[in-house]
Amino acid sequence: MSDRLDMTVMYATHNKLRRELRHIAQATARFESEPRCILRVGADWEMFRRTLSAHQSAEDDALWPPLRQALEGRPYDLTRLEAMEAEHAAIAALVGAINGALTAPGIALDLFGELTEALLSGLRGHLDHEEEALFPLVQAALGEDAWDRFRQVHARRVGPYAPQLLPWLLDGADEQTVSSVLASFPAPARRAYVHRWRLSSEALDRWSAEATVPARPEPT
């Protein structure tokens with residue numbers, strides 16, 4: 001039985017974040033003398049950070065509020081939603097602390113390691129928790145109009161860097177995921193991905209000092 005709401009991009013985003021967590025663990029382990037180096041200058045940390053922020057803020061602003069309304073009178077399920085919001089806040093604090101530590105002088109390596117380990121375990125657990133506890137509630141309780149509004153907000157949050165995001169999102173995904181995600185984008189974006197965006201992305205040396213992500217305008 002297929003899902004009532006199309007959550008292809010949600011699952012693809014979660015799975016990409018999981019793949020990037022493995023890269024973060026491997027990248028920081030390779031630079032034991034200064035593990036901040038690869039995150040400070042690598043393109044993928046910045047893309048990971050941007051995408052995670054856009055994804056979670058879209059959920060906070062456009063998914064959880066209508067879901068809370070749909071779950072009125074169901075205190076147990078509302079507690080699940082409150083747990084998701086708390087996890088978002090904790091993860092955002094960890095990412096902010098790690099990002100600040102990349103350039104702050106005098107940060108002890110053991111503290112940086114603790115922050116990184118907390119992000120790895122915390123985000124992995126959160127992604128699993130959200131899929132197991134909240135996605136079924138979204139499928140069962142959220143209206144299609146509310147889901148479409150969330151998707152629009154999510155698309156606007158990532159739109160300014162779509163040429164970098166889409167190849168990054170699909171890097172390492174299986175063929176079915178690639179086809180399903182591309183099908184959710186308009187034809188001009190699909191053509192741009194095939195003929196320009198993917199080729200530019202393939203030229204990057206992932207998780208290295210040579211790869212950089214262009215700056216993007218601040219969201220309005």
Side-chain angles (χ1 to χ4, degrees), residues 6-28 38-64 84-85 87-100 102 115-116 118-120 122-131 134-135 150-174 177-178 180-182 184-185 189-190 192-193 197-198 200-202 204-208 211-220:
D6 183 2
M7 304 185 81
T8 299
V9 174
M10 291 284 279
Y11 280 108
T13 301
H14 279 201
N15 288 333
K16 178 58 178 178
L17 292 172
R18 289 185 176 102
R19 294 195 296 275
E20 293 303 284
L21 288 174
R22 292 194 293 270
H23 285 305
I24 290 171
Q26 294 166 359
T28 53
I38 195 65
L39 299 190
R40 183 166 58 239
V41 299
D44 280 78
W45 166 254
E46 180 64 12
M47 185 61 69
F48 171 87
R49 187 180 68 84
R50 289 181 187 178
T51 303
L52 179 61
S53 175
H55 177 69
Q56 293 196 330
S57 69
E59 289 180 331
D60 290 338
D61 296 343
L63 185 55
W64 303 155
M84 288 300 115
E85 293 173 322
E87 289 174 14
H88 276 196
I91 290 166
L94 282 169
V95 172
I98 291 170
N99 206 56
L102 296 181
L115 292 172
T116 304
L119 176 64
L120 295 174
L123 184 52
R124 286 190 189 113
H126 168 72
L127 296 173
D128 292 343
H129 189 196
E130 187 172 293
E131 291 176 3
L134 262 291
F135 281 15
F150 162 70
R151 293 176 66 182
Q152 291 166 10
V153 170
H154 195 281
R156 287 198 298 271
R157 298 285 168 91
V158 301
Y161 56 105
Q164 294 83 41
L165 170 69
L166 192 54
W168 177 86
L169 179 67
L170 298 179
D171 181 44
D174 58 63
T177 297
V178 172
S180 298
V181 170
L182 288 177
S184 70
F185 281 79
R190 295 197 299 269
Y193 167 79
W197 299 349
R198 183 179 60 183
S200 297
S201 177
E202 289 173 350
L204 292 176
D205 185 9
R206 296 295 186 186
W207 290 105
S208 79
T212 56
V213 174
R216 68 176 175 90
E218 292 298 320
T220 59

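Small disclaimer: the values here were computed from a predicted structure and weren't measured.
Under the rule for a side-chain hydrogen bond (donor to acceptor under 3.5 Å, both in side chains), the partners of E59 that lie at least two apart in sequence or sit in another chain are H55, H88. Shown here are the side-chain hydrogen bond (donor to acceptor under 3.5 Å, both in side chains) partners of T177, two or more places apart in sequence or in another chain: D174. Scanning for salt bridge (Lys or Arg N to Asp or Glu O under 4.0 Å) contacts around R49 gives E46, with sequence neighbours left out. Looking at residues two or more places apart in sequence or on another chain, you find no ring pair (Phe, Tyr, Trp, His ring centres under 6.0 Å) involving F185. Partners of S184 according to the side-chain hydrogen bond (donor to acceptor under 3.5 Å, both in side chains) rule, which considers only residues two or more places apart in sequence or in another chain, do not exist here. For T8, the side-chain hydrogen bond (donor to acceptor under 3.5 Å, both in side chains) partners two or more places apart in sequence, or in a different chain, are D6.
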For M84 and L63: C-alpha separation, side-chain torsions, deciding distance, then whether side chain to side chain contact (heavy atoms under 4.5 Å, CB included) applies. CA-CA 12 Å; M84 288 300 115; L63 185 55; over 6 Å; no
Start with the C-alpha gap between L182 and L166, add the side-chain angles, then the distance that decides, and say whether side chain to side chain contact (heavy atoms under 4.5 Å, CB included) holds. CA-CA 9 Å; L182 288 177; L166 192 54; 3.9 Å; yes
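Among all heavy-atom pairs drawn from A12 and V181, the shortest one is CB-CG2, 3.7 Å. Nearest approach of A162 to P167, heavy atoms of both residues: O-CD, 4.0 Å. Closest heavy-atom contact between R157 and A58: NH1-N, 3.5 Å.
Looking at L165 and W197, their side chains never come closer than 4.5 Å, going by heavy atoms from C-beta outward. Side-chain contact between H14 and F135 is present, with heavy atoms from C-beta onward closer than 4.5 Å. Contact of the L52 side chain with the L123 side chain is registered, since non-hydrogen atoms from C-beta on lie closer than 4.5 Å. Counting heavy atoms from C-beta outward, Q56 and I91 have side chains that approach closer than 4.5 Å.
Within the model, atoms CD of Q26 and CG of L21 stand 11.0 Å from one another, a figure rounded to the nearest 0.5 Å. Here the straight-line distance linking atom CG of L170 with atom CG of N15 works out to 11.5 Å at 0.5 Å rounding. Going from atom CG of L102 over to atom CH2 of W45 covers 6.5 Å, rounded to the nearest 0.5 Å. With rounding to the nearest 0.5 Å, the separation of CD1 in I24 from CG in L17 is 9.0 Å.
A donor-acceptor pair under 3.5 Å is absent between the side-chain atoms of T51 and the main chain of F48, judged by distance alone.
The salt bridge (charged side-chain N to carboxylate O under 4.0 Å, His left out) test with E20 singles out one residue from K16, R22, R18, and that residue is K16.
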